[in-house]
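Let me begin by presenting the structure, written as structure tokens, before commenting on it.
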Amino acid sequence: QVQLVESGGGSVPAGGSLRLSCEASGDTSGVIWMGWFRQSPGKEREGVARFSTRTEGTFYIDSVQGRFTVSRDRAKNMLFLQMNSLVPDDTAMYYCAASFRTTLVHGLLDVREYDYWGQGTQVTVSS
């Protein structure tokens, strides 16, 4: 079992920044991928960025590339999402997720590939 707790959300004007945190606890030794996802009302949950715990490689969707950065504090078992130059379209509930899967069938940022989820933290960007 893995527990994930997000924090750091809030309300900012367009152009602002936020840093989201995800604290992982439990049996995290087998986690292969960590992902950040977001969901707006009436929309499907969307993968935003993912992090490989083995290579520390990162991947971002086009709309956040160059603005969002994923990083990790391995000692504290924490994952971060630094979000800069925020725009109103970034408004959503943000979730971190963990995957134990060594083989991905649906894709690196498909929700079906992730086994554990946090409760989410709200990000609101005003125009």
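Predicted model only: the values in this text are computed from it and were never measured.
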Is the backbone N or O of Gln39 less than 3.5 Å from a side-chain atom of Arg45, with the two atoms forming a donor-acceptor pair by type?
no
Would you check if Asp27 and Phe100 make a side-chain contact, meaning some heavy-atom pair closer than 4.5 Å?
no
To the closest 0.5 Å, what do you measure between OH (Tyr94) and OG (Ser40)?
7.5 Å
Side chain to side chain contact (heavy atoms under 4.5 Å, CB included), that's the test. Do Cys22 and Trp36 meet it? Break it down for me.
CA-CA 9 Å; Cys22 174; Trp36 283 101; 3.8 Å; yes
Quick one, Phe59 with Leu109, criterion side chain to side chain contact (heavy atoms under 4.5 Å, CB included). Give me CA distance, side-chain angles, the key distance, then yes/no.
CA-CA 9 Å; Phe59 174 82; Leu109 281 174; 3.8 Å; yes
How about Phe51 and Ser71: do any of their side-chain heavy atoms sit closer than 4.5 Å?
no
Return yes if some donor-acceptor pair links the side-chain N/O of Thr121 with the main-chain N/O of Ser7 below 3.5 Å, else return no.
no
Side-chain contact, heavy-atom cut-off 4.5 Å: Thr58 with Arg50?
no
Measuring only between side-chain heavy atoms, which start at C-beta, is Arg72 closer than 4.5 Å to Thr53?
yes
Shortest non-hydrogen pair, Tyr60 vs Ala49, comes out as CD2-CB, 3.5 Å
Would a hydrophobic clustering, with Ile, Leu, Val, Met, Phe, Trp and Tyr connected at side-chain separations under 4.5 Å, put Phe80 with Leu4?
no
Using a 3.5 Å distance criterion without hydrogens, assess whether the side chain of Thr91 forms a donor-acceptor pair with backbone atoms of Pro88.
yes
Are side-chain heavy atoms of Trp33 and Tyr114 found at a separation under 4.5 Å?
yes
Are the side chains of Ser17 and Asn84 in contact, using a 4.5 Å heavy-atom criterion?
yes
Heavy-atom distance under 4.5 Å between the side chains of Asp90 and Arg38, does that happen here?
yes
Check Glu113 against Gly107 and note the closest heavy-atom contact, atom names and distance.
CG-O, 3.1 Å
Are Phe68 and Met78 linked, directly or through intermediate hydrophobic residues, by side-chain heavy-atom contacts shorter than 4.5 Å (ILVMFWY only)?
no
How many angstroms lie between atom CG of Leu104 and atom OG of Ser99, to the nearest 0.5 angstrom?
6.0 Å
Checking side-chain polar atoms at under 3.5 Å, does Ser63 have a donor or acceptor matched by the opposite partner on Asp89?
no
Is Val31 reachable from Val5 through a run of I, L, V, M, F, W or Y residues, each pair having side-chain heavy atoms under 4.5 Å apart?
no
Check the surroundings of atom CZ in Arg54: do more than 12 heavy atoms from other residues, nucleotides or ligands lie under 6.0 Å from it?
yes
Do any N or O atoms from the side chain of Glu6 and from the backbone of Gln119 form a donor-acceptor pair under 3.5 angstrom?
yes
Pairwise distance CZ(Arg19) to CD(Gln82) - rounded to 0.5 angstrom:
6.5 Å
Side chains of Val123 and Val125, heavy atoms from C-beta outward: is any pair under 4.5 Å?
yes
Can you give me the closest heavy-atom contact between Arg101 and Asp115, atom names plus distance?
NH2-OD1, 2.9 Å
Examine Ile61 and Val87 and state if one hydrophobic cluster contains both, with Ile, Leu, Val, Met, Phe, Trp and Tyr joined whenever side-chain heavy atoms are less than 4.5 Å apart.
no
Gap between atom CG of Asp73 and atom CD of Glu23 - 0.5 Å precision:
10.5 Å
Minimal non-hydrogen separation, Ser25 against Thr28, with atom names
O-CG2, 3.8 Å
Of all heavy-atom pairs linking Gln1 and Gln3, the shortest is CB-NE2, 3.7 Å
